[in-house]
Amino acid sequence: MKVVIVGGVAGGATAAARIRRLDEQAQIVVFERSGYVSYANCGLPYYVGGVITDPAELTLQTPESFFTRFRVVMKVRHEVTAIHPDRKTVSVRNLETGEAFEESYDKLILSPGAKPTQPRLPGVGIDQVFTLRTVEDTFRIKAYIDDRHPRSAVLAGGGFIGLELAENLRELGMEVTIVQRPKQLMNPFDADMAAFLHNEMRRHGVRLALGHTVEGFVQRKDGVDVLLKGEEALHADLVVLAIGVTPDTALAKEAGLELGIKGSIVVNDRMETSVPDIYAAGDAVQVRHYVTGEDALISLAGPANKQGRIIADNICGGDSRYPGSQGSSVIKVFDLTAAVTGINETNARKAGMDVDTVILSPMSHAGYYPGGRLMTMKVVFEKGTGRLLGAQIVGYEGVDKRIDVLATAIHAGLRAEQLRELDLAYAPPYSSAKDPVNMAGFMIDNILRGILKQWHLEEAEGLPRDGSVTLLDTRTKEEYEEGHIDGFRNIPVDELRERLSEIEKGKRVYVICQSGLRSYIACRILEGNGFEARNFSGGFRFYDAVTHDRCLIESATACGMDRV
């Protein structure tokens, strides 16, 4: 059996190694148009910033090491220019010599990945405008920084690459501005959770131009002007386009393969394309979203590796299936860690789902053990059924652990209230006896059983201030005086039982505290004494962070960007 693989890196290299482990006699040839067959995409921003200093660390395998270990022929700087399914060959061009030839196959695997989205804007090709996707891209940016010593950068795009690159360029001492068309960074997160990322960026001196559109670039003697729609241009020494990626599927289209979202390759759960004996994996393929069941594009290394392995199993006579992607991911943002899995509240509502959320602010480990830090968790679930849909966490240590537990729970089909039953490891330096994941389960169980009734941030502005409802802040007097929502009166929770006569019966009571815990206790006191009470989801800390961020974004929309 002869297997030809188009593209290395995650999907292609994984498939090649797995095929060899399953079939010692298979002939395996990999064509990679770049000079690197297996490299760490996710480490590229950290090489630019000098965190990774040895360029060899970016290369996971070389053609020589791959051949020595697996007897796989890796041909770098070879571009496949056409696929001929009728005669089961591919046309190949050697990019160094110009030689063109055809290579036959019994099975063909497409792992071309995705390319940086480059809108057709004036000035995209000028010297100071870069993209960051390959090792070669990284070396070009690093060489430019080392040679020119730029003092400022504009990053067009606020996704993973944009944020990681912003951090690394700031660490090099540059002034950094992120321009993003949506009014938030990191679209996998809801806007309220993204507020914590915005605050961390601002705290480290990154300017944010959210809700603005890049319209082009103009080369100047001293740098480049970034043209914004309806705003004054931004000036910088270099620009990086990080506005996303597009499936690189020209070959598949020309060969007549069925295409899906944004021209991605349609595959079944065995990773087979619409043409017999041709498989596809990685950023170029359309997958099923594990939570919604809808078609999706999810460009992450984990799914690509799994898909490559599944293809290898099936080529070698097995029957492996890909169940779908749920988008589990984590990112370092200066001192913060942010992670997400499943579907967020915004997209769940767009999909027509009837959802609710819990927002909590637990400590990363036992409060009595030194060094604990707050994290903010948002868990999304379906009303009625309690189906667990997604989660987002922003904090410090322990974020990655909790998101992985929640990702596993979603994959296993646990209901949200079953999170309370999980038997999770505990020791004071690592967690609490009631782990944050368990706490989310307790809260959701209370909601589904009718014990806890909530009100949310979106309701705050519309709450009546005419006395028809009672607005109650149960923090201490000192906390209340440091900041509170207009119209809320202060009765600390520990004084509430003695002061119930101050609250008029028959009126719904909207309750808030710093994190949501004391206000929940207040709600139970009120409910136990004949009142109807609602607890604010997230607490005043959450309210203050999100509303402050929204104010900054709206004012920045008028003046061009956040002023740090």
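Count residues from 1 along the sequence. Fair warning: this is a prediction, and the values are worked out from it, not measured in the lab.
A cation-pi arrangement is present between Arg373 and Tyr396, with the terminal nitrogen or guanidinium carbon under 6.0 Å from the aromatic centre and inside a 45° cone about the axis. Relative to the ring axis of Phe381, Arg415 does not place its NZ or CZ within 45° and under 6.0 Å from the centre.
Within 6.0 Å of the CZ atom in Arg449, the count of heavy atoms belonging to other residues, nucleotides or ligands does not exceed 12.
Under the 30°/60° scheme for interplanar angles, the aromatic rings of Tyr369 and His365 are found to stand perpendicular.
Checked for salt-bridge contact, Asp295 and Arg288 miss the test: no charged N lies under 4.0 Å from a carboxylate O. Checked for salt-bridge contact, Glu502 and Arg489 meet the test: a charged N lies under 4.0 Å from a carboxylate O. Between Arg207 and Glu175 there is a salt bridge, since a side-chain N of the basic residue sits under 4.0 Å from a carboxylate O of the acidic one.
For Glu272, the salt bridge (Lys or Arg N to Asp or Glu O under 4.0 Å) test picks out Arg270, with sequence neighbours left out. Evaluation of the salt bridge (Lys or Arg N to Asp or Glu O under 4.0 Å) rule for Arg170 yields no partner, not counting sequence neighbours. A search for salt bridge (Lys or Arg N to Asp or Glu O under 4.0 Å) contacts involving Glu504 returns Lys507, not counting sequence neighbours.
Between His484 and Tyr480, the distance from one ring center to the other falls under 6.0 angstrom.
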**Message:** Let's go through Ser515 and Ser361 carefully: what are the C-alpha distance in whole Å and the side-chain angles of both, what is the deciding distance for side chain to side chain donor-acceptor pair (under 3.5 Å) to 0.1 Å, and is it a yes or a no?
**Reply:** CA-CA 6 Å; Ser515 68; Ser361 300; over 6 Å; no

**Prompt:** Going through the distances and angles, do Asp319 and Arg321 end up as a salt bridge (Lys or Arg N to Asp or Glu O under 4.0 Å)?
**Reply:** CA-CA 7 Å; Asp319 187 25; Arg321 307 278 174 159; 3.0 Å; yes

